[in-house]
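Structure first, then comments.
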Amino acid sequence: MKKLGFLGAGNMGGALIRGLIEFHAIEPENVYVCGHHPEKLQAFSEELGFHISETLEEMAEKTDCILFAVKPYHIENVLKQSGACLKGKIMLSVISGYDFDRYAPLLDSTVRHLYIMPNTPSSVGEGVLMFEEKHNLHEDEYKWIYDMFSKIGRVFALPSRLMPAGAAVAGCGPAFIAMALEALSDAGVKYGIPRKTAYQLASQMILGTAKMQLQTNLHPGEIKDGVCSPLGTTIRGVQALEKAGMRSAFMDAVDAVMQYGK
């Protein structure tokens with residue numbers, strides 16, 4: 001059984017660690033984690049049962065594959081100081097903007113690497129995990145990684161040029177949908193529904209609508225039409241959302257993400 005290391009256990013790294021262990025994609029005794037906050041990492045380890053490594057070098061000695069989940073501004077300095085320990089290893093990266101071509105000059109030629117863009121619902125087994133099509137993994141290595149991550153969500157292989165858009169839609173999307181969830185819940189509270197119940201109603205509605213689309217492949221417009229009766233109440237709400245520019249607001253949010261750093 002291959003052993004997997006994590007450099008970084010923040011929001012994204014932590015979500016992946018939790019999802020992979022809790023959904024039995026990998027056994028905790030085969031997971032090693034190196035992070036910047038010892039007390040939080042210790043508590044996390046006690047909860048899930050993984051090993052803690054003090055340094056990247058120590059972790060590399062014990063693992064076959066290391067997933068990098070540090071901030072983008074740290075990565076090049078980390079590789080400059082400690083990249084030699086990755087020779088002959090598999091490297092996965094969830095660091096935004098660091099695709100295969102950007103990593104190539106930073107890594108030893110023996111490092112097989114793959115850029116992955118996941119999202120935080122991976123922690124509950126309902127993630128979106130986008131794999132860059134361009135990689136240099138061996139066939140059996142890719143299959144091991146694909147099978148492992150398939151246990152915490154749906155894996156999509158995307159060409160390099162579409163990875164940023166995929167990240168904007170599915171990676172940032174949970175924040176956008178959480179805002180919609182909160183707004184709908186606020187509306188329920190306004191009309192007397194207890195806060196906890198309002199969150200549960202809105203969350204289950206979003207979950208059910210998404211599951212309906214995935215299982216039926218219905219166009220979202222058809223799902224909307226199926227709720228909107230002539231002279232009914234829902235169509236009035238739809239009109240209010242159109243007047244408020246809901247569609248444009250979501251598209252503008254993706255535009256804002258795509259323009260960052262340009």
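- Side-chain atoms of Val257 and Phe176, non-hydrogen and from C-beta on, do get closer than 4.5 Å to each other.
- Salt-bridge check for Glu58 with Lys62: passed, with a basic side-chain N closer than 4.0 Å to an acidic carboxylate O.
- You'll find the side chain of Phe149 reaches within 4.5 Å of the side chain of Leu20, heavy atoms only.
- How far CG of Asp252 is from CD of Gln259: 11.0 Å, rounded to the nearest 0.5 Å.
- Put simply, the side chain of Ile66 does not reach to within 4.5 Å of the side chain of Lys89, judged on heavy atoms.
- With contacts defined as side-chain heavy-atom distances shorter than 4.5 Å, the pair Pro28/Leu48 does not qualify.
- Looking at Ile90 and Ile145, their side chains come closer than 4.5 Å, going by heavy atoms from C-beta outward.
- Looking at every heavy atom in both residues, Ser185 comes nearest to Ala198 through OG-O, 3.4 Å.
- The hydrophobic clustering, which links ILVMFWY residues whose side-chain heavy atoms are closer than 4.5 Å, places Phe6 and Leu56 apart.
- We find that Arg18 and Glu47 are joined by a salt bridge, their nearest charged nitrogen and carboxylate oxygen being less than 4.0 Å apart.
- In this structure, CD in Glu182 is found 5.0 Å from OH in Tyr199, a value given to the nearest 0.5 Å.
- If you chain together hydrophobic residues whose side chains sit under 4.5 Å apart, Ile75 and Val111 fall into the same group.
- Using a 4.0 Å cut-off between charged nitrogen and carboxylate oxygen, Asp101 and Lys134 count as a salt-bridge pair.
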Item checked: side chain to side chain donor-acceptor pair (under 3.5 Å) evaluation trace for Gln200 with Gln204 -> CA-CA 6 Å; Gln200 291 174 334; Gln204 182 61 40; over 6 Å; no
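- Ring geometry, Tyr142 versus Phe131: the interplanar angle exceeds 60°, so the pair is classed perpendicular (tilted spans 30 to 60°).
- The hydrophobic cluster containing Leu107 does not contain Leu114, counting ILVMFWY residues as joined when their side-chain heavy atoms lie under 4.5 angstrom apart, directly or transitively.
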Check: For Leu214 and Arg154, what are the C-alpha separation, side-chain angles and deciding distance, and is it a side-chain contact (heavy atoms from CB on, under 4.5 Å)?
Finding: CA-CA 11 Å; Leu214 288 170; Arg154 294 193 178 206; 3.8 Å; yes
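- Salt-bridge annotation for Lys190 and Asp186: absent, with no side-chain N of the basic residue lying under 4.0 Å from a carboxylate O of the acidic one.
- Between Val70 and Leu7 the shortest heavy-atom distance is CG1-O, 3.5 Å.
- For the residue pair Glu57 and Gln81, the shortest heavy atom distance occurs at OE2-O, 4.4 Å.
- In terms of heavy atoms, Gly35 sits closest to Leu41 at N-CD2, 3.6 Å.
- Between Tyr103 and Tyr98, the gap from one ring centroid to the other is short of 6.0 Å.
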Next item on the list: Dump the intermediate steps for salt bridge (charged side-chain N to carboxylate O under 4.0 Å, His left out) on Asp147 and Lys143, then the final yes or no.
Entry: CA-CA 6 Å; Asp147 290 347; Lys143 184 180 185 305; 2.7 Å; yes
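- Between Ala168 and Val254, the shortest heavy-atom contact is CB-CG1, 3.8 Å.
- For the atom pair CD (Gln239) and SG (Cys228), the distance works out to 11.0 Å, reported to the nearest 0.5 Å.
- Looking at heavy atoms from C-beta onward, His113 lies out of side-chain contact with Leu86 at the 4.5 angstrom threshold.
- At least one side-chain heavy atom of Leu181 sits under 4.5 Å from a side-chain heavy atom of Ser203.
- Annotation: side chain of Leu184 is in contact with side chain of Met205 (closest heavy-atom distance under 4.5 Å).
- Under the 4.5 Å side-chain heavy-atom criterion for grouping Ile, Leu, Val, Met, Phe, Trp and Tyr, Leu4 is connected to Tyr146 within one hydrophobic cluster.
- Partner of Phe68 under the side-chain contact (heavy atoms from CB on, under 4.5 Å) criterion, out of Ile116, Leu92, Leu79, Val94: Leu79 alone.
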